[in-house]
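Letters A, B, ... mirror the listed sequences (proteins, then strands); counts begin at 1. Only heavy atoms go into these numbers, but all of them, side chains included; no hydrogens, no water, no symmetry mates. Since the model is a prediction, treat every value here as computed from it, not as a measurement.
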Amino acid sequence: MPPYYLTTPIYYVNDAPHVGTAYTTVNADALARWHRLIGDDVFFVTGTDEHGAKIVEAAEAHGTSPQAWTDSTSARFVEAWKRLDISNDDFIRTTEPRHHAVVQEFLQRVYDNGFIELGLYTGLYCVSCEDYYTEEQLVDGKCPIHGRPVVQLQEENYFFRLSAFAQPLLDYYASHRDFVRPTTKRNEALGFIRGGLEDVSITRTSFRWGVPVPWDDGHVFYVWYDALINYLTVASYGSDPARFASLWGAAHHLIGKDILKFHCVWWPAMCMAAGIEPPAEIFVHGYLLMGGQKLGKTMIQAGVAGVGDDARRVRITDVSPLALADEFGVDPLRYHLLRDVPLGGDGDFSYEGIVSRYNADLANNLGNLVSRVATVVHSKCGGVGPAPDAASTLSDRVAEVLTASSEAWSRWAPHEALEATWKLIGAANAELEGTEPWKMPPGPEVDAVLGSALEVLRIVAVLVSPAMPGTAAEIWRRIGIEGDPSAARLPDDAAWGGYPGGVPVVKGEPLFPRRKG
RNA sequence: GGCGGCGUAGCUCAGUUGGUCAGAGCACACGGCUCAUAAUCGUGUUGUCGCGGGUUCGAGUCCCGCCGCCGCUACCA
């Protein structure tokens with residue numbers, strides 16, 4: 001089994017999980033589940049980023065310690081992903097000892113290799129914010145938040161010699177055409193590199209909530225510099241060389257475009273500086289944008305300033321994925337996130353959009369197919385599912401759809417994989433219309449038609465399991481198959497004729513009750 | 001300013017190297033069916049493929065210009 005190591009970004013614990021982070025995580029989860037289906041040895045990881053001045057401030061604001069604060073906020077992510085059926089194999093917190101050890105070992109190597117040096121960071125500093133600003137960020141030369149004059153300040157920091165890696169990065173990009181995808185994002189990264197790289201400060205002395213710099217007690221690493229290294233921590237860098245060697249060559253990062261620079265420029269340079277290969281691939285997705293406004297207050301995060309104020313535009317970061325899961329169901333939410341937004345570009349998230357997709361694809365097509373097949377099996381076959389017809393033309397459609405889905409998943413295109421799968425559902429509905437088994441007398445002919453319909457449902461369940469694992473399992477249960485479609489293996493388990501026949505078919509409530517508004 | 005991208009049916013979008021490329025889904029209309037969640041199946045309407053030139057036997061598909069929209073242009077998770 002070839003390894004497939006997939007990561008999400010680790011999420012900053014200053015805030016609760018929102019639909020934007022759920023979007024990234026669900027996409028990664030679906031991809032991980034697909035790779036398990038095709039037999040890869042998947043290692044799928046997510047986690048939380050817990051260091052930095054902002055965490056210290058947040059903890060103080062809540063009257064607690066950074067550790068206690070991050071314990072509680074990190075737990076919210078663990079719970080959210082559990083609720084959304086995220087199948088991560090590990091969960092990394094940057095405050096864990098295993099991570100501190102790897103960060104120190106990794107950066108010590110970079111230091112020993114001569115790519116870290118002491119320097120002076122000079123910047124425009126707002127005393128009220130306790131933060132630096134660039135010229136562009138200032139409003140009339142003053143702090144954009146406090147409107148107070150900023151002062152030129154210097155801080156002694158360690159710098160990573162990013163400037164030394166411009167050419168090595170360009171070379172690497174040239175020899176690894178698919179290092180960053182899609183192409184537009186690759187061009188963006190290349191444009192940034194060609195624009196010239198400056199050294200970056202990677203340590204702070206103004207607070208202690210971070211990973212201590214091993215060669216200088218007074219400093220802790222800047223959050224981004226310890227955060228990226230999580231990808232090595234979970235892969236046993238420095239602790240299990242054999243495991244690391246196996247995993248690292250198969251490392252795939254899924255990220256949002258807001259953190260492109262860190263992942264596509266800093267990170268490969270850091271790897272080079274430490275003497276290891278950059279990851280195999282980085283896929284950059286776009287933003288989920290808020291389309292409509294028709295969200296109930298329960299779907300908006302509690303405690304967000306301005307909630308209920310109609311004048312304020314609802315942002316994606318204000319929307320709670322857990323409330324959406326309560327409203328629509330976990331699988332419909334997952335389906336919408338995967339089906340309605342081509343991964344890579346920006347996309348719209350809207351109440352109208354999710355309802356429309358729910359009714360058209362889930363209630364009308366898939367859910368209704370399950371219902372009508374179950375009903376006719378009960379009226380014509382005594383509730384026992386017959387074996388499929390080996391000569392059914394649907395078997396050809398299955399083969400086509402399997403090919404199209406596989407190809408789409410390999411291109412990080414879940415929406416296309418699902419679109420293809422729905423063509424199979426449509427073909428099954430059309431086949432029923434053409435043969436009208438409900439008009440036939442019980443017998444071999446009816447059995448052949450319904451057996452084939454059940455076989456399509458069996459295979460559809462496998463194909464949709466990366467997107468909707470719960471629904472997939474429920475379909476198998478209803479058509480009388482033991483086990484879990486998520487444990488199926490492709491292509492073998494999509495071979496026509498796998499439905500055993502002679503098993504009980506359950507007539508249940510609608511899988512996805514049609515929604516009115 | 002520089003670099004990059006986008007603009008195709010009411011909506012969301014597909015359209016490889018120029019020649020059934022004018023498409024899909026949704027929505028809509030009509031017809032069939034009534035097993036099914038007023039679901040399903042079939043058929044069909046809508047487009048000057050942003051605008052203006054050019055290359056070509058032939059261009060959403062290549063070139064030039066223009067209009068409109070957007071992204072990136074470093075230490076913000």
Can you name the residues that form a salt bridge (Lys or Arg N to Asp or Glu O under 4.0 Å) with A:Arg411, not counting sequence neighbours?
A:Glu407, A:Glu416

Could you list the residues that satisfy side chain to side chain contact (heavy atoms under 4.5 Å, CB included) with [X], not counting sequence neighbours?
X	result
A:Ala417	A:Ser405, A:Ala408, A:Trp409
A:Ser392	A:Asp389, A:Leu394, A:Ser452, A:Trp496
A:Glu96	A:Ile92, A:Arg93, A:Arg98
A:Pro510	none

Pairs in or reaching into residues 179-189 of chain A: which pass salt bridge (Lys or Arg N to Asp or Glu O under 4.0 Å), with residues at least two apart or in two chains?
A:Arg181-A:Glu281

Return a table of donor-acceptor pairs under 3.5 angstrom between the side chains of residues 426-433 of chain A and protein atoms on other chains or two or more places apart.
| residue | atom | partner | partner atom | Å |
| --- | --- | --- | --- | --- |
| A:Asn429 | OD1 | A:Arg372 | NH1 | 2.7 |
| A:Glu433 | OE2 | A:Arg372 | NH2 | 2.8 |

Applying ring pair (Phe, Tyr, Trp, His ring centres under 6.0 Å) to A:Phe91 and not counting sequence neighbours gives none

Quick one: stems for RNA chain B, with Watson-Crick or G-U pairs under 3.5 Å, at least three in a row?
B:1-7 with B:67-73, B:10-13 with B:23-26, B:28-32 with B:40-44, B:50-54 with B:62-66

Kindly confirm or rule out a cation-pi arrangement of A:Arg458 over A:Tyr499, judged by NZ or CZ under 6.0 Å from the six-membered ring centre and within 45° of its axis?
no

RNA chain B nearest-nucleotide lookup for A:Ile425 and A:Ala363: closer to the 5′ end is A:Ala363

Would you mind building the protein contact string for nucleotides 30-36 of chain B? One character per nucleotide, 5' to 3', B for base within reach (heavy atoms under 4.0 Å), S for sugar-phosphate only, - for untouched.
--BSSBB

With the sugar-phosphate defined as primed atoms, P, OP1 and OP2, and the base as all remaining atoms, what B/S/- string results for nucleotides 3-18 of chain B, 5' to 3', for protein heavy atoms under 4.0 Å?
----------------

Just label B:rG68 as syn or anti from its O4'-C1'-N9-C4 or O4'-C1'-N1-C2 angle, using within 90° of 0 for syn.
anti

Is there a donor and acceptor pair, one atom on the side chain of A:Ser201 and one on the base of B:rC75, closer than 3.5 Å?
yes

How far, in whole Å, is B:rG58 from B:rU12 if one measures between their P atoms?
35 Å

With A:Gln167 via side-chain hydrogen bond (donor to acceptor under 3.5 Å, both in side chains) - residues at least two apart:
A:Asp171

